[in-house]
Engineer: 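Supplied in structure tokens, the structure appears directly below.
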Amino acid sequence: MTDWNLNGIRIYVTGISDETGQIVARLQPLSGGTINQRFGYESPIYTLNCYIVGDATKESLENLVTGGDVVLVSPGGTIGNFLVQKVVVKREPSISQTIRTDLSCDSPVYTVEIVMLKD
Amino acid sequence: MSKTLYSSVTNTTNVISVNVQQSHSAQTTTAVIEAESTGLSIGDSISVDIGYSDNHQIVFTGFVKQLEISEPEQKVSITAIDTLIRAMDYFIVSSTPNSQYTRYNIKAEDLVGELLAMAGLTNYHYDSTLFTFGIHSPVEVNITSVYDYCKFISDILAWHLYADSGGTVNFVDRKPYVMPGDFSYKTITKLLSIAIAHGKDDMDLRNRIVVYGSSGISAEASASSPYLPAGFYKSVLVSAPGVIDTQDMAQQAADYNLVLLNRLTETCSLTVLGDPALEARRVITLDVNEGYDGDWYLYSVTHNLASSGYTCEMELRQ
């Protein structure tokens, strides 16, 4: 089974949500009810919450905002291509990590919020 | 009930917004389209079809005059002008001073048609005038644009020259107010909650018209105005030497322009739901119980279609 990864960068997903919507102009006549005009729809915006370990991983993730499409892969398979709009990183107070056993136990642990646009 | 907005622009994909400005007083109609991408180049023909998925029509036909790509969105902005731009861009200059365009005994509508054809505008509709130029001396056209000369002719007759949304150039007896025989294209019953202005002014009022023609020919038409002191005249001169060469023609030009100009301008500005059938120079009926219901002349219309909706800003005149 494949682990969660974003363009091959290992992430530990704790939550994923998406948001979509229709663009509706609401015009209000002086008399009568509101008139709704549909102007297309928004493609989904995904918000991914996850843990990452190590500064190299953090840098790789942050570099995704400078490039084009990335591929999000879950244990269930490829979710799709996305454009990374924003990466918010927060360092967790940890002394010793056991999340990634391939890295040293004193590697820093971060929680990350990644906002991605379906492309 | 919701409506799905519709837009289709020649050779252009993913339209973001459309703005089309038509006005009786403007020389041409202008369209500005923002889109994700376009295959159009400067000078290409373009038509703009907007409205709703179940009710849309062409509101603009013309030529691309400007293309801009904005960063960082990579959004393309297309500015186009209606077909009359060809008449404005076509400047008549004879190869030698002695070989200029000359015509005898030519009807005004035929003269305008010939000049428009020079600029490649053959899609031409006209009303018959009673004016024949070049009876005693030739009409000579040189060192002027086709548009300027045709506009000069239409001003003498108090007529109107414009290109419609389909690209046809019209030379017709169209005054900027409701005329006898006009029929209403549409009844407006809903206004949007945006400021409505209604008023009257005498800024365009002229109650004395003087016409100068060839060889000392001149004519005058005047009338008292209830909006001016007794015996007070606001004058305007129609100077057409080389074109008007009979006394009858000079007097007719003076009379026609007096009818056009000796009146108050009553205007009403408002915004309504977008409707592609609203085209400048048509007559519509207002039925909104706001104290100015009735037939109005659509002096100008601006179609705005974007993610904020489709609306039409209108200036109406009576």
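As the structure is a prediction and not an experimental result, all values here were calculated from the model. Computation of the quantities below employed the complete heavy-atom set of this structure, encompassing side-chain atoms and omitting hydrogens, waters and symmetry-equivalent molecules. Here is the naming used below: chain letters follow the sequence lines, and residue numbers restart at 1 for every chain.
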Engineer: For chain A, which residues from residues 25-46 of chain B lie under 4.5 Å away (heavy-atom distances)?
Structural biologist: none
Engineer: Establish, yes or no, whether a centroid distance under 6.0 Å links the rings of B:His303 and B:Phe60.
Structural biologist: no
Engineer: So B:His198 and B:Tyr292, would you call those rings parallel, tilted or perpendicular, with 30° and 60° as cut-offs?
Structural biologist: tilted
Engineer: For the candidates B:Val288, B:Leu273, B:Leu305, which exhibits the highest count of non-hydrogen atom pairs separated by less than 4.5 Å from chain A?
Structural biologist: B:Leu273
Engineer: Quick check: under 4.5 Å, non-hydrogen atoms only, which of residues 53-74 of chain A neighbour chain B?
Structural biologist: none
Engineer: Just by distance, do the side chain of B:Asp49 and the backbone of B:Gln57 share a donor-acceptor pair under 3.5 Å?
Structural biologist: yes
Engineer: Quick one: of B:Ala306, B:Gly309, B:Ser308, who has the most non-hydrogen atom pairs under 4.5 Å with chain A?
Structural biologist: B:Ala306
Engineer: Please check if any side-chain donor atom of A:Arg10 sits under 3.5 Å from a side-chain acceptor atom of A:Asn5, or the reverse.
Structural biologist: no
Engineer: Verify, without hydrogens or angle tests, whether B:Asp201 (side chain) and B:Met203 (backbone) share a donor-acceptor contact under 3.5 angstrom.
Structural biologist: yes
Engineer: Restricting to side-chain hydrogen bond (donor to acceptor under 3.5 Å, both in side chains), what partner residues turn up for A:Gln37, sequence neighbours left out?
Structural biologist: B:Tyr52
Engineer: For residues B:Met314 and B:Ile284, determine if any side-chain heavy atom of one lies less than 4.5 Å from a side-chain heavy atom of the other.
Structural biologist: yes
Engineer: Side chains of B:Arg282 and B:Val301, heavy atoms from C-beta outward: is any pair under 4.5 Å?
Structural biologist: no
Engineer: Between B:Tyr6 and B:His56, what is the ring plane arrangement, given parallel below 30°, perpendicular above 60°, and tilted in between?
Structural biologist: parallel
Engineer: Does any donor atom in the side chain of B:His24 or B:Arg317 lie under 3.5 Å from an acceptor atom in the other side chain?
Structural biologist: no
Engineer: Using only heavy-atom distances, determine whether the side chains of B:Thr285 and B:Asp287 contain a donor-acceptor pair under 3.5 Å.
Structural biologist: no
Engineer: If you define the side chain from C-beta out and look only at heavy atoms, does anything of B:Cys268 sit under 4.5 Å from B:Leu270?
Structural biologist: yes
Engineer: Inspect the contact between B:Asp89 and B:Lys65 and indicate whether a charged nitrogen and a carboxylate oxygen are less than 4.0 angstrom apart.
Structural biologist: yes
Engineer: Please list, in residue-number order, every residue in residues 7-22 of chain B that has a heavy atom less than 4.5 Å from any heavy atom of chain A; write 'none' if there are none.
Structural biologist: B:Val15, B:Ile16
Engineer: B:Thr267 and B:Trp296: which non-hydrogen atoms are nearest, and at how many Å?
Structural biologist: C-CZ3, 4.0 Å
